Number of protein chains: 2
Amino acid sequence: MPSDRTSAGDPARTLALLWRDPSATPRRGPARGLTVDAVVDAAVTLADREGLAAVTMRRVAQALEVVPMTLYTYVPGKAELLDLMLDAVYARMERAASTGRPWRTRLTAIAGENRALFEIHPWSAAVSTLRPSLGPGSIAKYEHELAALDGLGLSDVEMDDCLTHLLSFVQANARAAIEASAARAADGRTDQQWWDQAGPLLARVLDPGAYPLAVRIGSAAGAARGSAHDPEHAFHFGLARVLDGLATLIERGGPAGAGERPPAP
Amino acid sequence: MPSDRTSAGDPARTLALLWRDPSATPRRGPARGLTVDAVVDAAVTLADREGLAAVTMRRVAQALEVVPMTLYTYVPGKAELLDLMLDAVYARMERAASTGRPWRTRLTAIAGENRALFEIHPWSAAVSTLRPSLGPGSIAKYEHELAALDGLGLSDVEMDDCLTHLLSFVQANARAAIEASAARAADGRTDQQWWDQAGPLLARVLDPGAYPLAVRIGSAAGAARGSAHDPEHAFHFGLARVLDGLATLIERGGPAGAGERPPAP
DNA sequence: GAAGTACACAGTACGCCGTACTGAGTAAGG
DNA sequence: CCTTACTCAGTACGGCGTACTGTGTACTTC
């Protein structure tokens, strides 16, 4: 089984774990040496420090000074552990109230909060959530983020669409940023060094007449940013485009600023 | 080392491989039983049929009726093999000429071509490209896609920004679609069955008063699509938003349709 | 043509992974 | 008190990428 997927097993067991259902903890036998939270915290700390690849059952167990198989009495498997890790960091996200401010400001804040999540916990952008985890953290996050889209005259389904679109952009951007910095870390080379090495080789093999746009735009973009991809710039550029794109939906049927109404009570 | 990363080693060797530099193939010793293309094709076929996780050096070797270590005389390692796989499918993408048509039509075509790529080769959306691969396939792809953005009055850097934004959206959407269908395949349950099982459990643990928006919007969105996430709908919704977002850049300083000029000679 | 060398390919081995299974000891329920 | 349910340790299995070793082949050079 690969290592970075969530939600493999029994939904009932997973939900009970996510919500820390006390009726799901055993009533007999020897006292437990750990808690689910301790396991999750250890895994999160490990992932923060050494990346998702370092989160193996063996390493988490080692951090807790316990034998690997012991973890399986707290958590059904690694997929569920990842579910719990995600929900834990969702729960701890900062959620600034932004009621009363313009919708662009509100959505910019949501984007920023999610971007901050991926900066603090880069691994969380890489986890693939097969089914939504539906833990207390993700529900609270969803509620908070929907509030930023409330009262804009959108239908229920459109609110979900817009939020999905915005978050999907932020996650894609974060993934690109993480991959770029992982590349820098993997080999010692900086982007500059890498290009200095690859550039001349590429020039020898690539016919500039055959790919005029690629050569011109590629080198212009590379020169403007000192590297092949600048996630910081891509974020601000992309967020502006996303908000403009949502604007045509939100401000339809009226001049800029229309459609804004007080949120439902 | 994890399994789904590209570009680990020497850029010179990788570039020579990508461009099939004949001076890089050995001149002495016994005749080679395989070719780089044969190895790459076997890997792509395997990935298409059984997913990226099935692409192991052992499985690829098995498909070629060869011992695993033999592959290492064709390819420095698995990361480079993934680079070659990506470039190969890029090279084979359909590239419909769309000069002369409106920019929205052109960009919709680009999005569609990339979406088709991810449908035919779902694994290609999951590969994380640490550095751009710069093979003949990806350069040709880049050139073709830039052509769709040429003549719109964008600066060189803006052309790259817009393309990155568009492709990033398509890839994010494809990843979501693939994850959703992987979830369906992983356990036998359909989305409906999963919700039938998880829904009541969630209702028991979740206070609807505490999360009014989440409950209302979540169930509205779920009901509208018969599942938690409908990638088909998200694609059309998202693409419309992306194009609207790019429009404010492309059509700035004039009415709709302005900014369009014939491409540079 | 002989010698030397560069190479292809097979095989074995190492250190990782997730986790199934076994067995010993412990604390609560009846 | 005894039975039962549990925790935790240990071992083991089948997978992974790939380093290393050995054998035989075909080209290059003399």
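Below, chain A is the first sequence line, B the second, and so on; all start at residue 1. All values derive from a computational prediction rather than experimental measurement. No hydrogens, no waters, no symmetry mates; every other heavy atom, side chains included, goes into these values.
- Atom CZ in B:Arg28 sits roughly 17 Å away from atom P in D:dT25 (whole-Å rounding).
- Residue-to-nucleotide contacts include no donor-acceptor pair under 3.5 Å from the side chain of B:Arg58 to the base of D:dG15.
- Closest contact between the side chain of A:Val66 and the listed nucleotides D:dA9, C:dA13, C:dA8 involves D:dA9.
- For the pair A:Tyr72 OH and C:dG18 C1', the interatomic distance rounds to 5 Å; values are reported in whole Å.
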Report the C-alpha distance between A:Thr35 and A:Asp37 in whole Å, list the side-chain angles of each, state the deciding distance to 0.1 Å, and finish with yes or no for side chain to side chain donor-acceptor pair (under 3.5 Å). CA-CA 5 Å; A:Thr35 61; A:Asp37 282 312; 5.2 Å; no
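- A distance-only check finds no donor-acceptor pair linking the side chain of A:Tyr211 to the backbone of B:Ile139 [under 3.5 Å].
- Taking atom CG of residue A:Leu81 and atom P of nucleotide C:dG18, one finds them 10 Å apart after rounding to whole Å.
- Each of B:Gly29 and B:Leu34 has a nearest nucleotide on DNA chain C; the 5'-most of these lies closest to B:Gly29.
- With sequence neighbours excluded, the residues forming a side chain to side chain contact (heavy atoms under 4.5 Å, CB included) with A:Pro231 are A:Ala177, A:His229, listed by chain and number.
- Considering only the side chain of A:Pro26, D:dC6 comes nearest among D:dC6, C:dT19, D:dC16.
- In this structure, the CE atom of B:Met69 is 12 Å from the C1' atom of C:dC14, given to the nearest Å.
- With DNA chain C read from its 5' end, the first of the two nearest nucleotides for A:Gly77 and A:Pro30 is the one closest to A:Gly77.
- Judged by closest nucleotide on DNA chain D, B:Pro68 is the one of B:Pro68 and B:Ala31 placed further toward the 5' end.
- In this structure, OH of B:Tyr74 is placed 7 Å from P of C:dA8, rounded to the nearest angstrom.
- OP1 or OP2 of C:dA10 has at least one side-chain nitrogen or oxygen of B:Thr70 nearer than 4.0 Å.
- Salt-bridge formation is not detected for the pair B:Arg13/B:Glu80: no Lys NZ or Arg NE/NH1/NH2 atom is positioned less than 4.0 Å from an Asp or Glu carboxylate oxygen.
- Per the geometry, CZ belonging to A:Arg27 stands 16 Å off C1' belonging to C:dG30, to the nearest Å.
- In this structure, B:Met57 atom CE and D:dG15 atom C1' are separated by 15 Å, rounded to whole Å.
- The one candidate from A:Val40, A:Val44, A:Leu71 that meets the side chain to side chain contact (heavy atoms under 4.5 Å, CB included) condition with A:Leu81 is A:Val40.
- C:dA6 atom P lies 16 Å from atom CZ of B:Arg32, rounded to whole Å.
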